[in-house]
Amino acid sequence: VVHGDGSEKEFSYDTDAGYLGEVLEENGLISGEEGQFGLFITEVDGETADEGKEQWWCNTKAGETVSTSVDGAVISDGDQFELTLKEGY
């Protein structure tokens, strides 16, 4: 997780879940709103994106943008995902 102030925090989970969203929600790392494309993340590790500042949480896998919501991001052993607070739409 890369927070708005640039600080980074690493989390590691062992799971049998098939999708990233399941793991992150089960462990209380994220929250958000359901939309037509799946879960839109609004909060990660206690930091809420500020819509007034056009902030949003970007989901990447090994540095590459994930083209699905966390609900649709399939996970496999050893995968590494990043959630980064971005500013500007």
Side-chain angles (χ1 to χ4, degrees):
V1 174
V2 181
H3 287 277
D5 63 3
S7 64
E8 298 182 18
K9 196 169 180 184
E10 193 169 306
F11 298 86
S12 180
Y13 301 111
D14 291 321
T15 184
D16 290 328
Y19 297 93
L20 180 60
E22 292 176 74
V23 178
L24 300 180
E25 286 184 293
E26 284 174 5
N27 288 281
L29 185 63
I30 65 168
S31 62
E33 302 166 358
E34 286 295 329
Q36 72 183 65
F37 301 108
L39 183 69
F40 178 75
I41 299 172
T42 56
E43 183 180 319
V44 176
D45 190 32
E47 184 170 12
T48 302
D50 184 341
E51 288 185 39
K53 294 181 181 178
E54 296 185 343
Q55 291 180 335
W56 56 283
W57 287 100
C58 178
N59 179 24
T60 55
K61 179 179 177 181
E64 299 292 324
T65 302
V66 175
S67 61
T68 65
S69 71
V70 292
D71 296 352
V74 177
I75 56 176
S76 299
D77 288 347
D79 281 350
Q80 180 176 332
F81 291 87
E82 305 84 26
L83 294 171
T84 305
L85 187 63
K86 301 279 190 171
E87 194 166 304
Y89 301 133

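Throughout, residue positions are numbered sequentially from 1 according to the sequence presented.
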Inset, instruction - Would you check if the side chain of Asn27 reaches a backbone N or O of Leu29 as a donor-acceptor pair within less than 3.5 Å? - result: no

Inset, instruction - Would you indicate whether the side-chain heavy atoms of Trp57 and Thr84 approach each other to under 4.5 Å? - result: no

Legend entry - Heavy-atom closest pair, residues Ala73 and Thr68: N-OG1, 3.4 Å

In residues 1-13, what donor-acceptor pairs under 3.5 Å come from side-chain atoms, sequence neighbours left out?
unit_1	atom_1	unit_2	atom_2	d
His3	ND1	Glu47	OE1	2.6
His3	NE2	Asp45	OD2	2.9
Asp5	OD1	Ser7	N	2.8
Asp5	OD1	Ser7	OG	2.6

Legend entry - Any residue meeting side-chain contact (heavy atoms from CB on, under 4.5 Å) with Tyr19, in chain and number order, not counting sequence neighbours: Glu22, Val74

Legend entry - Exercise: identify the closest heavy-atom pair between Gly38 and Ser69: CA-OG, 3.7 Å

Legend entry - Pair listing, salt bridge (Lys or Arg N to Asp or Glu O under 4.0 Å) test, anchored in residues 56-66, at least two apart: Lys61-Asp79

Legend entry - Those residues that, when tested against Phe40, pass side-chain contact (heavy atoms from CB on, under 4.5 Å) (two or more places apart): Thr42

Legend entry - Selection residues 26-35 - residue pairs positive for salt bridge (Lys or Arg N to Asp or Glu O under 4.0 Å), sequence neighbours left out: none

Inset, instruction - Go through the structure and list residues passing side-chain hydrogen bond (donor to acceptor under 3.5 Å, both in side chains) with Glu43, not counting sequence neighbours. - result: Thr48

Legend entry - Set of residues satisfying side-chain contact (heavy atoms from CB on, under 4.5 Å) with respect to Glu54, sequence neighbours excluded: Tyr89

Inset, instruction - Determine yes or no for a side-chain-to-main-chain donor-acceptor pair under 3.5 angstrom, with Trp56 supplying the side chain and Gly88 the backbone. - result: yes

Inset, instruction - Not counting sequence neighbours, which residues clear side-chain contact (heavy atoms from CB on, under 4.5 Å) with Thr65? List them please. - result: Thr60

Legend entry - Contacts of Gln55 that satisfy side-chain hydrogen bond (donor to acceptor under 3.5 Å, both in side chains) - sequence neighbours left out: Glu87

Inset, instruction - With side-chain contact (heavy atoms from CB on, under 4.5 Å) as the test, would you mind laying out the steps for Asn59 and Leu20 before giving the verdict? - result: CA-CA 10 Å; Asn59 179 24; Leu20 180 60; 3.8 Å; yes

Legend entry - Those residues that, when tested against Lys86, pass salt bridge (charged side-chain N to carboxylate O under 4.0 Å, His left out) (two or more places apart): none

Legend entry - Distance in Å, Thr15 OG1 paired with Leu24 CG, rounded so as to fall on 0.5 Å steps: 10.0 Å

Inset, instruction - Give, for atom CG of Leu39 and atom CG of Asp71, the distance between the pair rounded to the nearest 0.5 Å. - result: 5.0 Å

